[in-house]
Amino acid sequence: MDPKFEEIVKQVKVDLLTPTQEADNVKLAEQVSRSFISDTITVPTKEMYQYAMHASLGDDVYHDASTIALEAHIAQLAGKEAALFVTSGTMGNQISIRTHLQQPPYSVICDVRSHTNVYEAGGAAFFSGAYTITLTPSNGHHLTLKDIKPKVVSGSDIHSAPTRLITLENTLNGTIFPQSDILEISEYARANGILLHLDGARLWHAAAETRTPINELCAPFDSVSLCFSKGLGSPVGTCIVGSKAFIDKARWFRKMFGAGMRQTGILAGSVAYALTHNFPLLPGVHALARRLQEGLEELGVGILSPAETCMVFYDPSTIGVEYWEVVERAAAHPKPLTIPGSRLVVHIQTSPEAVEDLLSIFRVLKEEKVRAGWTPPEGIVEKVDGLKNVYVRASRPPA
Ligand SMILES: *Cc1c(COP(=O)(O)O)cnc(C)c1O
């Protein structure tokens with residue numbers, strides 16, 4: 001080799017793998033099985049990559065066969081004309097919003113807690129120039145037509161930004177949006193020329209829990225975003241679905257946003273593996289989340305939002321414990337547990353042992369508090385009504 005070139009070769013090359021990479025990966029998988037932070041942290045398995053490795057090798061900007069096959073499958077599954085594979089759930093939502101909104105001024109209505117409002121860095125304002133109208137559900141659980149109707153801005157007053165789009169989320173914080181309420185909203189939207197987008201990052205969970213086919217859940221919407229890297233445990237990707245015209249335009253925006261990807265076959269293959277082998281695991285995930293909730297309830301821990309699917313929001317103050325005590329005690333366990341705060345997420349790789357270990361930690365903390373003289377507030381049993389995310393105080397039952 002030319003010595004000057006050899007020098008550059010030396011500068012360019014890199015080995016990312018640690019000397020103990022295999023063991024490191026095993027250790028990470030073990031940590032993931034004991035982490036309640038999110039379902040995004042699940043690790044791709046050897047079996048998944050074994051399958052994905054055999055996928056097609058085309059450049060997806062010019063159309064890759066496995067990726068096209070995935071898009072065709074997801075479109076058919078969702079009962080829509082077409083699908084587009086994108087990098088993330090955020091991109092799925094933002095491209096959808098951008099594609100729907102064409103002639104400003106306009107406003108988008110969504111739940112104040114929704115991902116598009118809270119966790120997408122203000123993307124609807126940046127990419128689409130949209131004014132967002134955020135609503136708090138009056139039933140404390142999900143938006144209904146009753147909440148939405150008075151807030152819709154119609155098109156005649158030049159002071160206002162007409163509502164062109166409503167975005168809903170299912171599941172939201174792990175809770176299931178009743179389909180009957182979605183249908184009411186969609187009938188109203190259709191009758192008033194308003195488009196409807198679903199952030200269905202975790203729609204898989206709603207389908208698994210309510211035994212409703214995906215196409216039925218997607219039917220009321222003009223577009224849906226479906227994530228593969230959350231509950232399904234795929235490493236990368238989301239599909240958006242909608243009409244052919246919508247997806248054609250969305251493909252344009254995907255390119256503009258810099259997310260026209262090249263050899264995506266290995267990603268599409270991972271998604272196909274996840275759909276086939278991981279989706280069937282979700283009822284077990286939900287059962288484990290319910291076990292966690294029931295264990296917490298038995299100990300008297302407050303439940304802020306019950307385990308309708310894979311998440312439990314809890315409040316430990318009802319047993320005299322603070323969040324940080326749980327977090328620290330969990331981290332100090334001989335086999336450490338990772339606890340974020342009030343939200344506990346159960347995923348396809350959560351070990352049942354981790355759930356029992358976590359419950360033991362609550363039990364010990366509670367016993368310590370009682371021994372230190374802590375007693376529940378006088379005369380009342382503090383009960384938390386999770387659906388409304390507010391405390392409901394009930395009288396202590398007679399002794
Ligand atoms: C995670 C999530 C997203 C965004 O997905 P990313 O892949 O993290 O960008 C969108 N909507 C909901 C409901 C989510 O939970």
Side-chain angles (χ1 to χ4, degrees), residues 35-44 74 78 83-99 108 110-124 126-128 132 134 137 141-143 165-177 182 196-209 214 217-218 221 223-241 250 253-254 257-259 261 264 267-268 270-271 274 278 282 285-286 289 305 307-313 340-348:
S35 173
F36 293 84
I37 284 187
S38 179
D39 47 6
T40 55
I41 61 171
T42 55
V43 298
I74 295 297
L84 182 70
F85 186 61
V86 299
T87 56
S88 67
T90 299
M91 173 158 279
N93 286 329
Q94 292 303 326
I95 289 185
S96 297
I97 293 169
R98 185 61 194 84
T99 305
V108 178
C110 66
D111 191 308
V112 68
R113 305 162 301 169
S114 63
H115 198 280
T116 52
N117 182 47
V118 189
Y119 302 114
E120 299 187 7
F126 183 79
F127 292 118
S128 303
T132 301
T134 57
H141 184 266
H142 61 276
L143 289 177
L165 180 68
I166 298 169
T167 67
L168 304 179
E169 190 172 313
N170 194 13
T171 61
L172 190 158
N173 290 348
T175 62
I176 297 170
F177 207 134
I182 289 178
L196 201 57
H197 171 74
L198 175 66
D199 179 351
R202 293 194 180 86
L203 192 65
W204 312 108
H205 297 268
E209 190 61 30
I214 307 286
L217 294 172
C218 293
F221 296 93
S223 61
V224 182
S225 176
L226 295 157
C227 284
F228 306 120
S229 57
K230 297 264 175 89
L232 296 188
S234 192
V236 176
T238 286
C239 266
I240 52 177
V241 296
F253 282 119
R254 185 183 70 173
F257 289 4
M261 295 180 285
T264 50
L267 300 180
S270 300
V271 172
N278 293 347
L282 293 183
V285 169
H286 300 172
S305 184
E308 291 184 35
T309 56
C310 63
M311 296 181 197
V312 185
F313 290 71
S342 68
R343 186 183 84 161
L344 301 172
V345 182
V346 175
H347 53 72
I348 54 170

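When a ligand or atom number is given, it counts from 1 through the structure's own listing order.
Between the Ser225 side chain and the Asp199 main chain, no donor and acceptor come within less than 3.5 Å of each other. Asn117 places a side-chain N or O within 3.5 Å of a backbone atom of Val112 that can act as its donor or acceptor partner. In this structure, Glu169 contributes its side chain and Leu198 its backbone to no donor-acceptor pair below 3.5 Å.
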For ligand 1, list all ligand N or O to protein N or O distances below 3.5 Å, rounded to 0.1 Å.
| unit_1 | atom_1 | unit_2 | atom_2 | d |
| --- | --- | --- | --- | --- |
| ligand 1 | 5 (O) | Gly89 | N | 3.4 |
| ligand 1 | 7 (O) | Gly89 | N | 2.9 |
| ligand 1 | 9 (O) | Gly89 | N | 3.4 |
| ligand 1 | 9 (O) | Thr90 | N | 2.8 |
| ligand 1 | 9 (O) | Thr90 | OG1 | 2.6 |
| ligand 1 | 11 (N) | Asp199 | OD1 | 3.0 |
| ligand 1 | 11 (N) | Asp199 | OD2 | 2.6 |
| ligand 1 | 15 (O) | Arg202 | NH1 | 3.0 |
| ligand 1 | 15 (O) | Lys230 | NZ | 2.6 |

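Between Phe253 and Phe127, the ring center distance fails the sub-6.0 Å criterion.
With sequence neighbours left out, the side chain to side chain donor-acceptor pair (under 3.5 Å) criterion links His115 to Glu120.
Exactly one of Val86, Thr99, Ile240, Thr87 qualifies for a side chain to side chain contact (heavy atoms under 4.5 Å, CB included) with Arg254. That residue is Val86.
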